[in-house]
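Note that the coordinates shown come from a computational prediction; the quantities given were computed from them, not determined experimentally.
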2 protein chains.
Amino acid sequence: MTQDTPAADTTRDRVLSTSASLFCRYGYAGVSMRKIAQCCDMKAGSLYYHFASKDQILVEVLNLGIEKVHAAVAAVLRVDASPADRLRGAIAAHLHALLEYSSFTSANVRIFRQVPVPVRDSTLEVRRGYEALWDGFLGELKAGGHLRDDVDIRSFRLMLIGALNATLEWFDPELGDVSELADRYADMLANGIFAERGT
Amino acid sequence: MTQDTPAADTTRDRVLSTSASLFCRYGYAGVSMRKIAQCCDMKAGSLYYHFASKDQILVEVLNLGIEKVHAAVAAVLRVDASPADRLRGAIAAHLHALLEYSSFTSANVRIFRQVPVPVRDSTLEVRRGYEALWDGFLGELKAGGHLRDDVDIRSFRLMLIGALNATLEWFDPELGDVSELADRYADMLANGIFAERGT
DNA sequence: CGTTTTACCTAACGGACGTTAGGCAGGCAT
DNA sequence: ATGCCTGCCTAACGTCCGTTAGGTAAAACG
């Protein structure tokens with residue numbers, strides 16, 4: 001019944017990691033302290049030695065989810081490359097964080113909207129930081145004349161991140177290659193799917 | 001506390017409609033029979049006159065969600081128009097069904113992956129029918145030479161529907177115009193966002 | 001008018017929930 | 001050796017869960 005994602009040496013980290021995958025799969029209300037504890041080979045009461053409440057676990061899981069994907073994308077964007085390559089790389093980084101590295105980012109995507117409002121609000125700042133990272137990058141591209149003049153950056157960012165996050169619903173990293181997926185998405189988004197461009 | 005979406009004359013329909021919006025907001029496990037009943041001005045036990053179990057409500061909500069969006073998109077695709085207009089229209093139909101008409105489609109998108117496996121399986125067939133509707137349309141476009149040869153229809157359909165469904169996370173139909181949103185999405189997806197097409 | 005059916009109710013069942021209080025074993029410093 | 005701190009445990013609290021059994025008032029029907 002021990003169901004954890006990657007390496008997690010300390011008990012506290014193991015609880016967070018386990019909670020993330022459970023939240024991701026069963027939703028916020030569908031995961032009990034007893035189930036989290038059971039998956040960590042503990043008893044429910046012991047969780048309160050590390051965390052004050054279920055909601056505190058939740059807040060930490062949600063924030064870690066954004067922080068991890070933020071760090072991965074930011075690292076890619078720091079290196080110099082062509083606009084197409086940077087877009088490809090940033091998309092690949094987001095997808096790897098979402099689909100492979102851990103369940104924190106996927107848990108955030110899945111349960112963000114069904115979490116109690118105070119919890120959601122306390123994670124908004126971290127979230128906005130990630131949005132700003134993308135807007136900055138896309139703004140650079142536009143300033144450099146690499147984007148169509150008539151595409152709105154915010155609209156595209158929302159569509160892009162939405163499309164990436166939605167892969168969670170169907171993509172299985174054991175069956176497909178995340179990097180290939182990223183390349184396909186980057187190509188379709190950058191160049192469109194129509195044979196000829198028109199209005 | 002009466003929280004229902006649109007017109008729903010019979011009690012049974014009102015229960016389904018109410019359940020859909022509650023499931024959408026709070027997740028599957030986050031909605032109790034007592035809360036559903038309360039929002040319908042009933043007592044929990046009375047729900048069992050209309051439905052055998054919570055899971056039966058869930059199955060009907062999930063299936064209605066797909067059936068409604070399927071009907072809306074199919075109606076649009078029946079009329080003759082240019083490829084760009086048909087794509088725009090189909091996207092608009094999906095978005096209207098998702099964001100405006102009722103909570104059934106949005107509930108499906110939000111909770112499909114956190115529902116008990118038997119329930120999920122019993123709604124797979126309806127889901128596949130909707131995917132086939134899109135694949136048929138996109139196949140026509142490709143056969144007519146309107147799509148780039150190197151875009152994979154299944155990949156694009158997954159990206160497209162994912163992007164559309166993800167609007168649920170941020171778009172508020174009281175603040176923005178769904179048809180405008182559809183136009184922007186259709187344009188970005190059809191033509192891409194880069195100033196010049198490249199590899 | 002009597003009877004059946006419809007659509008709801010109340011009350012309760014066993015169990016799971018988040019959380020807390022108090023205990024206990026082992027490592028640490030003094 | 002003694003006492004504190006860490007990290008877990010058990011047991012219980014009050015509440016809520018899905019579901020069921022049995023009742024009741026009104027409408028529909030013969």
Side-chain angles (χ1 to χ4, degrees), chain A residues 1-4 7-62 107 111 114-120 122, chain B residues 1-4 7-62 107 111 114-120 122:
Chain A
M1 194 51 69
T2 319
Q3 172 186 342
D4 48 5
D9 40 357
T10 81
T11 298
R12 203 189 135 88
D13 290 346
R14 202 172 70 247
V15 170
L16 285 173
S17 180
T18 301
S19 303
S21 34
L22 289 173
F23 283 142
C24 183
R25 169 67 184 81
Y26 298 104
Y28 164 63
V31 177
S32 64
M33 295 298 270
R34 285 169 175 85
K35 194 180 288 185
I36 294 173
Q38 186 188 331
C39 291
C40 294
D41 298 312
M42 301 173 67
K43 297 305 160 86
S46 312
L47 293 172
Y48 289 83
Y49 177 78
H50 300 280
F51 303 93
S53 67
K54 184 182 175 186
D55 280 1
Q56 194 203 324
I57 297 181
L58 185 58
V59 169
E60 297 203 26
V61 165
L62 291 177
I111 67 174
Q114 64 181 243
V115 133
V117 175
V119 172
R120 200 161 64 202
S122 74
Chain B
M1 193 53 66
T2 319
Q3 169 185 345
D4 47 6
D9 40 357
T10 80
T11 298
R12 204 188 135 87
D13 291 344
R14 203 172 70 246
V15 170
L16 285 174
S17 180
T18 302
S19 303
S21 34
L22 289 174
F23 282 142
C24 184
R25 170 66 184 83
Y26 298 105
Y28 165 64
V31 177
S32 64
M33 295 298 271
R34 284 169 174 85
K35 193 180 289 186
I36 294 173
Q38 186 188 334
C39 291
C40 294
D41 298 312
M42 301 174 63
K43 297 304 160 85
S46 312
L47 293 173
Y48 289 84
Y49 177 78
H50 300 280
F51 303 93
S53 67
K54 184 182 175 184
D55 280 1
Q56 194 203 325
I57 298 181
L58 186 58
V59 169
E60 296 203 27
V61 165
L62 291 177
I111 68 174
Q114 64 183 242
V115 133
V117 175
V119 172
R120 199 162 66 202
S122 74

Distance from Leu16(B) atom CG to Thr11(B) atom OG1, nearest 0.5 Å? 11.0 Å
When the C1' atoms of the five terminal pairs at each end define the local axes, what inter-axis angle does the helix from dC1(C)-dG30(D) to dT30(C)-dA1(D) show, to 10 degrees? 0°
Under the salt bridge (Lys or Arg N to Asp or Glu O under 4.0 Å) rule, collect the residues that match up with Arg12(B), sequence neighbours excluded. Glu60(B)
CD-OH distance between Gln114(B) and Tyr28(A), expressed to the nearest 0.5 angstrom: 13.0 Å
Rounded to whole Å, how long is the line connecting atom CZ of Phe51(B) with atom P of dA7(C)? 12 Å
What one-letter contact string describes nucleotides 8-20 of chain D from 5' to 3', where B marks a base within less than 4.0 Å of any protein heavy atom, S marks contact via sugar-phosphate atoms alone, and - marks no contact? SBB-B----BBBB
When rounded to the nearest 0.5 Å, the distance separating CD of Gln38(B) from CG of Leu22(B) is 9.5 Å
Between Ile111(A) and Val61(A), is there a side-chain heavy-atom distance shorter than 4.5 Å? no
Using a 3.5 Å distance criterion without hydrogens, assess whether the side chain of Ser17(B) forms a donor-acceptor pair with backbone atoms of Asp13(B). no
For the student: nearest non-hydrogen atoms of Met42(B) and Val15(B), plus distance: SD-CG2, 4.3 Å
Can you give me the closest heavy-atom contact between Phe23(A) and Leu58(A), atom names plus distance? CE1-CD1, 3.9 Å
